[in-house]
Q: 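My structure is below; once you've seen it, I'll send some questions.
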Amino acid sequence: MSQIHILDQQTANSIAAGEVVERPASVIKELVENSLDAGATTISVEITGGGILSMSVNDNGAGMDETDARIACSRHATSKIRTIGDLDAIGTLGFRGEALASIAAVSKLTLRTRQPEAATGFELRIAGGEVIDSGSVGSPVGTTILVEQLFYNTPARFKFLKKDSSEAAAIAEIMERFVLARPDVSFRLLNNKQEVLHSPGNNDLLSAIYAVYGRQQAGYCVPVSGSNGPVTVSGYTARPEGARGNRSGQTLLVNSRIIRSSAVTAAINEAYKTRLMKGRFAFTVLRLDLPPELVDVNVHPQKLEVRFWKDQEVFSAVYHALVSALNENAGVPEFAEDASPAPKSATTPAPLQASTPVPTPTPTTPAPAPVLAQVLASTTPVPVSAPTSAPPPPSNKPGEFGSYTLKDSAAVPESEMEPVAEMQHQSLLKAADLSQGRIIGQLFTTYILVEWQNELLMIDQHAAHEKILYEKLRAALQARQKPTVQLLLVPQTMTITPAEKIIFESEKEFFNSLGFELEPFGSNSLLIRSLPELDSAKINAEAAVRTALQNLQNVRRAAPETIDSIIDETLYQMACKAAVKAHDKLAPVEIERLLADLAPLENPYTCPHGRPVIIRMPRLELEKKFKRVL
Ligand code: ADP
Ligand code: MG
C-alpha cells in the first residue's frame with residue numbers, strides 16, 4: 001500500500017509558516033514591511049499580551065482591491081516580483097509572497113483595506129488559513145491587519161513563546177529598527193494601550209535616533225558622510241562617550257534595509273579601536289547606499305545577512321567615513337555626572353543568580369573620568385571603593401525582561417520634541433586649547449594639572465606620553481621610512497629561541513622600519529645596533545624586540561586580517577614601556593614638551609587602549625562643593 005500523499009494546503013502552510021513566523025515580532029516585521037512596500041508614511045502598531053493575544057498594523061499605504069486582498073493571503077502570492085530575474089534588483093522589502101499566507105495559517109487574521117479611489121473598503125476574515133467571512137466595510141484609505149491568537153492551532157509552537165513582556169520587548173526592538181531605517185515614516189507603537197514609541201517621520205535621522213534612544217544619546221551623535229566608488233555612507237555615530245556596553249547600538253542600513261554585515265562591523269571596530277576601552281561598543285546608525293545589483297539580500301530567509309560584491313570596498317568606505325567624523329568632532333567632552341553609564345552586564349543580573357549568594361560583582365572598569373567626577377560631585381563623601389551611583393543605561397536589548405521598561409524618552413509626544421539640531425552644541429575641548437592653559441604642575445606625580453578658562457584640566461601623564469610615542473611609531477611604520485635612530489655605542493646582545501630566529505629572519509623589514517637595526521649573532525643571539533629615537537624616552541630594546549617577535553610569531557598562526565592589529569599591539573607595548581610612568585617626577589620643561597607634543601595629534605583624547613587622556617572639571621563644580629553656589 002502506498003503511503004506517500006500530498007499534504008493539504010493548510011497543513012503545508014502551517015508547516016512552512018514556521019520559517020517566517022517564529023514569534024510575534026516576526027509577524028510585526030513582515031506586516032510593517034508590507035506597509036512600507038505599500039508606500040505608507042504613517043504606520044501604527046498596537047499589541048496586547050505581548051502580541052500573542054492581538055497585534056494590529058495600520059497603514060495609510062496604497063491598499064488593495066478585493067481581488068488582490070483575497071489572493072494576498074495565499075502562498076506565493078506577491079505583487080512584487082514576477083520572475084526569478086527580478087530577484088537581481090530587489091527594490092522592496094518583501095518578495096517571497098509567503099508572509100500573509102503563513103501568518104493567516106497560524107492565527108485568526110482580519111484584513112481590512114481600501115484603495116484611495118475605492119468607494120468602500122473590503123474586509124476578509126481568516127482563521128487557521130480558512131476564509132470565514134468577507135465583505136465590504138467602511139474603512140480609511142490604507143490597510144489594517146489584525147492578528148489574534150497567534151499559534152492557537154499549533155500548540156507545539158505556542159509552547160515556545162516567551163513571557164508576554166519578552167515578546168513585547170522583541171516587538172519594540174523591531175520597531176526601533178524601523179524607526180531608524182525609515183526616518184521619513186512616522187511609526188507608533190502601543191503596548192497594552194500605552195504609547196511606547198512614536199517617531200515624527202520628518203525624514204531626519206537624528207530625530208529618529210532621539211525618538212528611540214532619547215536626548216542624551218542623540219546629543220553624543222555626530223554626522224557621518226563619505227563615499228568610496230559606488231558606496232555612499234551617511235548617518236550618525238556617537239563620540240566615544242556615547243559608547244555602550246554591547247553592540248545593540250549599532251544599526252546598519254543598506255538601501256534602507258536593516259542588515260548585518262561582518263565587513264561593516266569590522267570597519268566600526270577598527271575606526272573606534274583606539275577610542276574605546278575593552279568591553280565598550282560604538283553607537284552608530286549607518287546608512288549605506290549602493291546600486292541594488294551590488295548587494296545580495298537573498299542570502300537568508302530572515303533577510304538580515306547581506307553579501308556585498310566586494311567586502312573590502314565597503315569596509316574602506318565605512319572606516320574612512322567614521323574616522324573622519326570622529327576626528328572632526330574629537331575633543332574632551334564636557335563634565336557630566338552621568339556621562340558614561342556603567343556597563344550593562346553589571347546592571348542586569350539574571351534573576352536566578354540574584355537569588356543565590358554571589359560574590360560582589362567586579363565592576364567592569366568604569367571610565368576614570370566619570371567616576372572621579374561623581375565622587376567629586378556627590379554631596380556626601382564617597383568612599384573610593386563604593387559602587388558608583390551611575391544610573392543603569394537605557395536597556396536597549398534587555399536579556400532579562402523582568403527589568404524591561406519601555407523607554408519613556410521614546411514616549412515624548414511629537415509636539416514636545418525639541419529641535420534636535422540644537423542638541424549638538426556641547427562644548428568640546430580641543431587639544432590645541434591646551435597651549436592656552438596655565439600649567440599648574442603635577443598632582444600625585446601622576447596627573448598634570450592645567451587651568452584653562454573656567455576649568456581645571458587633568459592629564460594622565462603616562463597615557464598622554466604613551467599616545468604620543470605610539471603615534472610616532474605608527475607614523476614611522478606607515479611612512480615605511482626609517483625613523484631617527486639612536487646608535488648604541490656598544491651593541492647589545494639578546495638570546496632568542498630558534499622559532500624567534502626564524503621569525504626575525506623573515507620580518508627584518510618590520511624591525512628596520514621601526515628603527516631597530518638587528519643582526520643575527522651566533523645561532524641563538526641577536527645583536528642590537530640601534531633603537532628608534534623616541535625623544536628622550538628610554539626604550540627597553542630587549543623587551544621591545546622580544547614583544548615584537550612574540551607578537552609576530554602569533555601573526556603566523558593568525559588570520560591575515562589580524563596582522564595589522566598584532567603589529568599595532570606591538571607598537572602599544574613599546575610605547576607603553578617607554579612612556580613616562582605614573583609617579584615619575586617631571587620637570588616643568590618636560591611637562592611643557594609633553595603638552596606641546598600632545599596638542600597636534602589627531603586623537604589625543606584617548607590612549608591606544610581607549611582610556612581617557614584628559615578630563616575636565618569645571619569651576620562651577622568646585623564652587624558647588626564649597627557651597628559658593630547652590
Ligand atoms: P510579499 O511581501 O513577499 O510580496 P506577503 O505575503 O507579505 O508577500 O504579501 C503578499 C502581497 O499582499 C504583497 O505582495 C502585496 O501586494 C499585498 N500586501 C500585503 N500587505 C499589504 C499592505 N499593507 N498594503 C498593500 N498591499 C499589501
Ligand atoms: Mg511581505
Q: At their closest point, which heavy atom of Pro532 faces which heavy atom of Met574, and how far apart are they?
A: CG-CE, 4.4 Å

Q: Going through the distances and angles, do Tyr272 and Leu326 end up as a side chain to side chain contact (heavy atoms under 4.5 Å, CB included)?
A: CA-CA 9 Å; Tyr272 275 87; Leu326 290 169; 3.7 Å; yes

Q: How many angstroms lie between atom CD of Glu167 and atom CD1 of Ile28, to the nearest 0.5 angstrom?
A: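 CD1 of Ile28 is found 11.0 Å from CD of Glu167.
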
Q: Would the distance check show the side chain of Ser199 and the main-chain N or O of Phe187 forming a donor-acceptor pair, the cut-off being under 3.5 Å?
A: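 Here the side-chain-to-backbone pair exists.
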
Q: Check the angle between the aromatic planes of Phe511 and Phe516 and answer parallel, tilted or perpendicular using the 30° and 60° thresholds.
A: perpendicular

Q: Quick check against the 3.5 Å criterion: does Arg260 have a side-chain atom that pairs as donor or acceptor with the backbone of Leu252?
A: no

Q: Nearest heavy-atom pair of Val613 and Pro604: which atoms, and what distance?
A: CB-O, 3.4 Å

Q: Looking at Lys310, I want to see if its NZ is surrounded by more than 12 non-hydrogen atoms of other residues, nucleotides or ligands under 6.0 Å.
A: no

Q: Any chance you could lay out the side chain to side chain contact (heavy atoms under 4.5 Å, CB included) test for Arg611 and Asp460, step after step, and finish with the verdict?
A: CA-CA 10 Å; Arg611 284 189 296 274; Asp460 181 324; over 6 Å; no

Q: Between Phe160 and Glu22, is there a side-chain heavy-atom distance shorter than 4.5 Å?
A: no

Q: Are Lys273 and Pro608 close enough that some pair of their side-chain heavy atoms sits under 4.5 Å apart?
A: no

Q: Looking at every heavy atom in both Gln217 and Gly242, which two are closest together, and how far apart are they?
A: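 That closest heavy-atom pairing would be NE2-O, 2.8 Å.
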
Q: Measure from the side-chain N and O atoms of His320 to the backbone N and O of Ser316, and report whether any donor-acceptor pair falls under 3.5 Å.
A: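 Here the side-chain-to-backbone pair exists.
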
Q: So, taking the atom named OH in Tyr236 and the one named CG in Leu206, what distance separates them when rounded to the nearest 0.5 Å?
A: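 The distance works out to 4.5 Å.
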
Q: A quick test of your reading: do over 12 heavy atoms of other residues, nucleotides or ligands sit less than 6.0 Å from CD of Glu602?
A: no

Q: Tell me the closest heavy-atom pair linking Cys576 and Glu466, and the distance in Å.
A: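 Between these two residues, the closest heavy atoms are CB-OE2, 3.0 Å.
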
Q: Can you check side chain to side chain contact (heavy atoms under 4.5 Å, CB included) on Phe283 and Cys221, steps first, answer last?
A: CA-CA 8 Å; Phe283 174 92; Cys221 288; 3.7 Å; yes

Q: Side chains of Thr274 and Tyr470: any donor to acceptor distance under 3.5 Å?
A: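 Distance-only check fails for Tyr470 and Thr274.
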
Q: First locate atom CD1 of Ile468, then atom CG of Leu595, and finally report the distance between them rounded to the nearest 0.5 Å.
A: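 Reported to 0.5 Å precision, the distance equals 8.0 Å.
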
Q: Nearest heavy-atom pair of Val295 and Pro291: which atoms, and what distance?
A: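 Nearest heavy atoms, Val295 then Pro291: CG2-O, 3.9 Å.
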
Q: Do any N or O atoms from the side chain of Ser207 and from the backbone of Asn203 form a donor-acceptor pair under 3.5 angstrom?
A: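 Side chain of Ser207 to backbone of Asn203, a donor-acceptor pair under 3.5 Å: no, none is there.
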
Q: Okay, side chain of Gln250, backbone of Thr284: is any donor-acceptor separation there less than 3.5 Å?
A: no

Q: Is it the case that the side chain of Asn255 and the backbone of Leu290 share a donor-acceptor pair, with hydrogens and angles ignored and the cut-off at 3.5 Å?
A: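 Present.
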
Q: Hey, are the side chains of Leu197 and Val179 touching, using non-hydrogen atoms and a 4.5 Å cut-off?
A: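 Yes, their side chains come closer than 4.5 Å.
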
Q: Mind checking the OG1-CD spacing from Thr547 to Glu542? Nearest 0.5 Å is all I need.
A: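 Between Thr547 OG1 and Glu542 CD, I get 10.0 Å after rounding to 0.5 Å.
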
Q: How long is the gap from OG on Ser227 to CG on Asp289, to the nearest 0.5 Å?
A: 11.0 Å

Q: Specify the closest pair of heavy atoms between Glu500 and Leu549, including all atoms of both residues, with the distance to one decimal.
A: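 Taking Glu500 first and Leu549 second, the nearest heavy atoms are O-CD2, 3.7 Å.
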
Q: How far does NZ of Lys581 sit from CD of Gln461, to the nearest 0.5 angstrom?
A: 10.5 Å

Q: Between Glu313 and Phe308, is the side chain to side chain contact (heavy atoms under 4.5 Å, CB included) condition met? List the steps.
A: CA-CA 9 Å; Glu313 299 285 301; Phe308 295 111; over 6 Å; no

Q: Do the charged groups of Glu173 and Arg177 touch, with an N to O distance under 4.0 Å?
A: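 No.
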
